Structures are given as structure tokens and as C-alpha cells.
Amino acid sequence: MAGVQVANVSRSFGAHKALDDVSIDFPDGGFYALLGPSGSGKTTLLRQIAGFDFPDTGRIAIGGESVERVPVEKRRIGMVFQNYALFPNMSVAENVAFGLSVRGEPKATIAAEVQRALDLVQLGKLGGRRPHQLSGGQRQRVALARAIVTKPRVLLLDEPLGALDKALRVDMQIELKRIQREIGITTIFVTHDQEEALTMSDRIGILRDGRLVQEGPPEEIYDRPQSEFAATFLGDANIFRGDATGNGIRLPDGTAIAAASGASVAVGTKASCAVRPERIRISTGAATAGADIANVLKGRVSKRIFAGNNSTYFVDHDGQTLKVIVQNSGAERLAEGQPVVLSWSSESTVLIAA
Amino acid sequence: MGDQLATGSRRGLKPALPLLLPAYLWLTVAIFLPLSAMVFFSFMTDLPLAGKEWAFTLGNYAAFFSQSLYSTLLLASLRLGLEVTLWCVVVGYPAAYVLAKVLKGRSREAIFLLVILPFWSNGLVRIFSWAMVLREGGILDTALNAVLPFKINIDLMYSYPAVIIGLVHSYVPYMVLTCYLTLQAIDDSLLEAGRSLGASRLQVLKRVIIPLSMPGLIAGAALIFVPVVGSFMEPRILGGRTGTFYGTVIEDQFVAVFNWPLGAALSFILLAVVLIILALAAPVLRRAG
Ligand SMILES: Nc1ncnc2c1ncn2[C@@H]1O[C@H](COP(=O)(O)OP(=O)(O)OP(=O)(O)O)[C@@H](O)[C@H]1O
Ligand SMILES: [Mg+2]
């Protein structure tokens, strides 16, 4: 088992920079999610680590050992592909056995290890099937069993759950996380599903246009995004733009927004504030301003979307539409067009440099 | 892969019948009728032309078994077919691999065209071109002597190797095409998966690529082996006196000796032998694939 260090890695395809000076330290035994929009370089980064492709500049080390000159088959990695890439000419058991058998392990060892891996992914009885006789979720598990049976140092997963439907995906997320904990393997997981990244990983790295935008534990990125992109890509956020005041910003209409955390921005320069929709309180009465309610805004409900356990209100304020998420308690419902007061604490507000 | 195709074709045969009808009509007219006429001829003492006397006989078939020449030549032809097929695999499979997995875009199209070109050129032109290359004082001889510091004599003309070279050149496009199609269908991620599991390039080739392209190899081999065993043009022109094979003997019966019944009988014996070989080989090959 080993951590992975990616240092100043760049990779261009023609004039296009798919990776631009990316540095990430993937901790030993951790579950790391690489998150980013389509074309942001997630797969490209994974392929550099796997050794299918090589960086133009920069260094990659696995377990502290530089792998520049190490071919794929010697890197001792396990990879799960988006389309699973199971060998169609082999049975499930033969697929899982492949990595052990190319190493020349004795037959008895292979059989025992394969059975153990298949049991781990709860497919112990399906070893004789062919890949095309399996469901999507089962194929995914076979791919996982095949990748971990060789005891790799690092497990690389490229959107492994992308092709599954929502319910199965949640099952597989739990399963995958359980297996990862059980064998304690360093895991790098590519996804463009932010919820998946939040629920599964110990750390998240957000990529955009080949650059690392921000990285850290999920709570940290969610609570203290360092850019508007990070704030809106990971979860939902209301963004206010104005001039920095020292402890927040002043909106064009003169309202002050207080932020307790975030970047330090010189007074008078352009800056923004981000607030999560579920942190905002919405009420019809007078503003319940107090010590912990630093920010108060007046607005008018323009739309309400009911989603079972919660409702999303869209509130217009000075030409900007703000999003507020409220748990449904069965109490009053606000009608569209109703004037409301929004309030939230400065601790819920993050200052972001423009 | 095979089972998927089979389940796909089972349903929906009935609605497809009107669409298949023209094809079956054409097969009947173009293949079944002439073939039945030939079966008929093969049991006659002589051609029923210009009021000649004729009768039914098994003599034409008996001739094959009574004269060892025919079975000797048939064995030689089968060996020729095997050798040419093997060379086509040796030459065609790597070419197909490079086309399908290494080259991309324009260069692939260009090389593809070069591979298919012999297909489109006239067979006789192709064979006589080889004659010009292979004979003493020909293109190969002259070129090699111009490059090499010592004198060598290259005269491959009228030899067994010349026949092999000519046949391989004529038939290798089949192998390239069938293998290209199956190789093309192999997802690159399978090869990467193999490498990530610790297999070297060679191991991936042996355990993933070749098994998955077996259908193409088998189809190519069948497409090449069958006509090569009956071939007569290349053996005759490039092989000269060494170029007497089963196919040339059949051709002689039709164009020189004018003994159609014997020619027809010899053809059907060849057809039977080839079918038996393919039937015997099928299960073995299927297991390999
Ligand atoms: N082999 C290649 N040749 C040329 N361009 C490439 C190649 N591979 C990737 N790119 C480009 O690099 C950029 C990053 O691609 P990459 O596949 O890493 O994106 P991604 O983040 O995995 O996106 P997705 O979520 O859609 O899978 C894209 O603009 C892509 O077009
Ligand atoms: Mg990708």
C-alpha cells in the first residue's frame, strides 16, 4: 500500500492543455475523489498515474518511488474502467484470475484468491458466468474484484458507477466504500457527480480546464470554497458580488454582507460572498436580527419547488435570484409573490477573492 | 460473442423472408443450377454434345482411386493450401493489427488502400508482374545485385517458392480484411485493463488479442485455404514444370483434354475433402477462439 504524489504535472494534446501544473498528494490508504466537469482532465490525470500516458513535465511517485520509467504492468496498480473492460472471451472467474495467472502464481493459490475476491464483492456463485450474462452492477463488481485480487498499491477508478441507475449506484457506493475500508487501499476515484464525491471520499480535488482549483476534505471544500467555481460546482451556493469592506462586502445597493471566514481581500477591491441555500432562514415577519444573525435581506418569493422533505424558494432581491432551501415541517407555506426577509449568520458566509 | 449473434438472428426470420427471397433466387440460378449440371456430368461417360453416345458411370470417381497420381497431387495441393494460409497469417495478421490498433486517420486509409489494391488488379496482370520480378535478370535479381557487394543469382521463377509468393500476394488481403474487422472491434480499454493487471504487451497479445480475433483468423483461413487448394493459375504461370497441382489437372480436363466428366468428378472429390477438413477443424478452432 502506498500514497501517490503528483507534482507539477502538465500534459498537452497539441495546443490544448489537458493538465496544467497539477500537484496533488494522495494520502496512503485514503479515498480521494477527483471531481470536475467534462473535459477537465480527470481521466488524463488518472492515465498518467496508471502509466497509459506520460506527462510532458512534472513527476509522479507511487509509495515514494518515482514511476517515470516504470511501465504500466510494473506499477502494481488496479484499475476499474468506466465500461468495466471485462474480457469477453473469459468467464468471470477467469477474468478475476487474469492478473494472478500472468504472474505465474500456482493454480491452487489462484483459485483460492479468486474465490476470496468474488466473495468480497458478493459474487461467489457467479464465477462460471460470462461477462455478457451479468447485469451492470454485477459487471462492475467483477471489474472491482479483478482489480483488487492482485493486491495493488493503488486502486484507480474512472467513473465506475457512471453507467448505473440511481438506486444501484447508491448500493454500489456503499459497497465500494466498505471494500475500500476493509482492504485499506489508496483509492483515486474519478467522478463528475458531486454528491458521490461528498459522500464517499476523505478528500476531494476539484479540476477545471486542467488545473487543480481546490482540494481538501469534503467539509472543508463545502464550508470554505476558495472560488466561485468551487462554491457552485460542489453543492449549491448563492453568490453575492460587491466591494470588500474588511469583514465582508458591500452590495451595489448598499447592503453589507458580513463573512466570518474566507480569503483576506484588500478593502475596496472586488470580491464575492458565497452562502449555501440551506443556511439561509426565510420568514415573513420582521427580521429576526440578533447577535448570530449578521446578514438580513428583504426580498420577494418568485417561485417555490416542493421536493418532499424540503422546499426550494427562489427569492428576488435587487435583480438577483437567491435560492433558499427549507426543511418541510408542515407549518406555513410561503406563497409566490409574498414579501419575505432572509437572514443568515456571518459564519455561514465565505468571502472569496475575485 | 457468438451466442449473442445467434440469439439476435433467431427472432424475426419470418418478416425477413421477402427480403431474403432475391438472394435465394440468385443463389439458385447462379450456383445451384450450374452445380447440379456438373454433378450430372460427373456421372457420365462423355459429354452429351453433338449426338455423342453417353451412359451413366461411376468410372470418373473410380479413376481418382485407381491412379495414385490424383491423390498425390491432392495431397500436394492441400499442403500448398496450408502453407499459403500460414504465410497469409504471418504476413496479414500483423498488418491488420497495425492498421486497426496503431495507425489512425489518414495514414490508416492510405495503407488500407495499398493492402486492398491487389484485390482490384487483374489476376493475370498480378501474376505476370511477379514473373518479371522473380525471374533471373528480373527486378529482384537486378536490385539485389545492385545493392549487395557480392554476386548472387536469384532465379525463383518456375519454382515452388514462386507459386507460394504469387498465391500469398493474391490472397493475403482476405486475411488482412477479416482480421482487421475483428481487431477493430476489440476495445482499447481491454488491452489497457490487461496491462494494468500486470500483463506485458506480449501476454496481452497472447491471452486477449489473439483469442478475441480468432473468428477473423478462422474466417480468413477458410476464405484462403479453399480456393488455394483448387488454384491453377498461379501454379501454372509461376511454377512452370514444378507447378502441377490438383487444380491444374482439373483445369486440364476442362480446357485441354476436354474430359468434362472427369474434371467434374475430380472437382467434387476436392470439394468433399475440403468440406471434411473444415468440419474436422471447426470444433478445434472454435475451442481455440
Ligand atoms: N488522446 C487525446 N488526444 C487529444 N486530446 C485529448 C486526448 N485525451 C484527452 N484529450 C483532451 O483533454 C481534455 C481532458 O480530457 P479528459 O478525458 O481527461 O477529460 P475528463 O475530465 O475525463 O472528462 P469526462 O468527464 O468527460 O470524462 C479534453 O479536452 C480532451 O478532449
Ligand atoms: Mg473521463
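What you see is a predicted model, and the numbers here were worked out from it, not measured in a lab. Letters A, B, ... are given to chains in the order of the sequence lines, protein chains preceding strands, and every chain is numbered from 1. Atoms considered below: every heavy atom in the structure, side chains included; atoms not considered: hydrogens, waters and symmetry mates.
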Between [atom1] on residue [X] and [atom2] on residue [Y], distance to nearest 0.5 Å:
{"X": "B:Arg195", "Y": "A:Met79", "atom1": "CZ", "atom2": "CE", "result": "13.0 Å"}
{"X": "B:Gln203", "Y": "A:Glu73", "atom1": "CD", "atom2": "CD", "result": "8.5 Å"}
{"X": "B:Asp187", "Y": "A:Phe87", "atom1": "CG", "atom2": "CZ", "result": "11.0 Å"}

Quick check: are there more than 12 heavy atoms from other residues, nucleotides or ligands sitting under 6.0 Å from [atom1] of [X]?
{"X": "A:Phe31", "atom1": "CZ", "value": "yes"}
{"X": "B:Lys104", "atom1": "NZ", "value": "yes"}
{"X": "A:Arg178", "atom1": "CZ", "value": "yes"}
{"X": "A:Lys177", "atom1": "NZ", "value": "yes"}
{"X": "B:Tyr24", "atom1": "OH", "value": "no"}
{"X": "A:Arg181", "atom1": "CZ", "value": "no"}
{"X": "B:Phe32", "atom1": "CZ", "value": "no"}

Side chain, backbone, both or neither: which part of [X] has an atom under 4.5 Å from a heavy atom of chain B?
{"X": "A:Phe81", "answer": "side chain"}
{"X": "A:Leu156", "answer": "neither"}
{"X": "A:Arg146", "answer": "both"}

Which atom of [X] lies closest to which atom of [Y], heavy atoms considered:
{"X": "A:Pro88", "Y": "B:Leu212", "answer": "CG-CD2, 3.6 Å"}
{"X": "A:Phe52", "Y": "B:Ser196", "answer": "CZ-CB, 4.0 Å"}
{"X": "A:Leu86", "Y": "B:Leu190", "answer": "O-CD2, 3.2 Å"}
{"X": "B:Leu197", "Y": "A:Ala147", "answer": "CD2-CA, 4.4 Å"}

Item checked: Closest-packed option against chain B by number of heavy-atom pairs under 4.5 Å, given A:Ser101, A:Gly51, A:Ala50 ->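 Result: the option with the highest number of such pairs is A:Ser101.
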
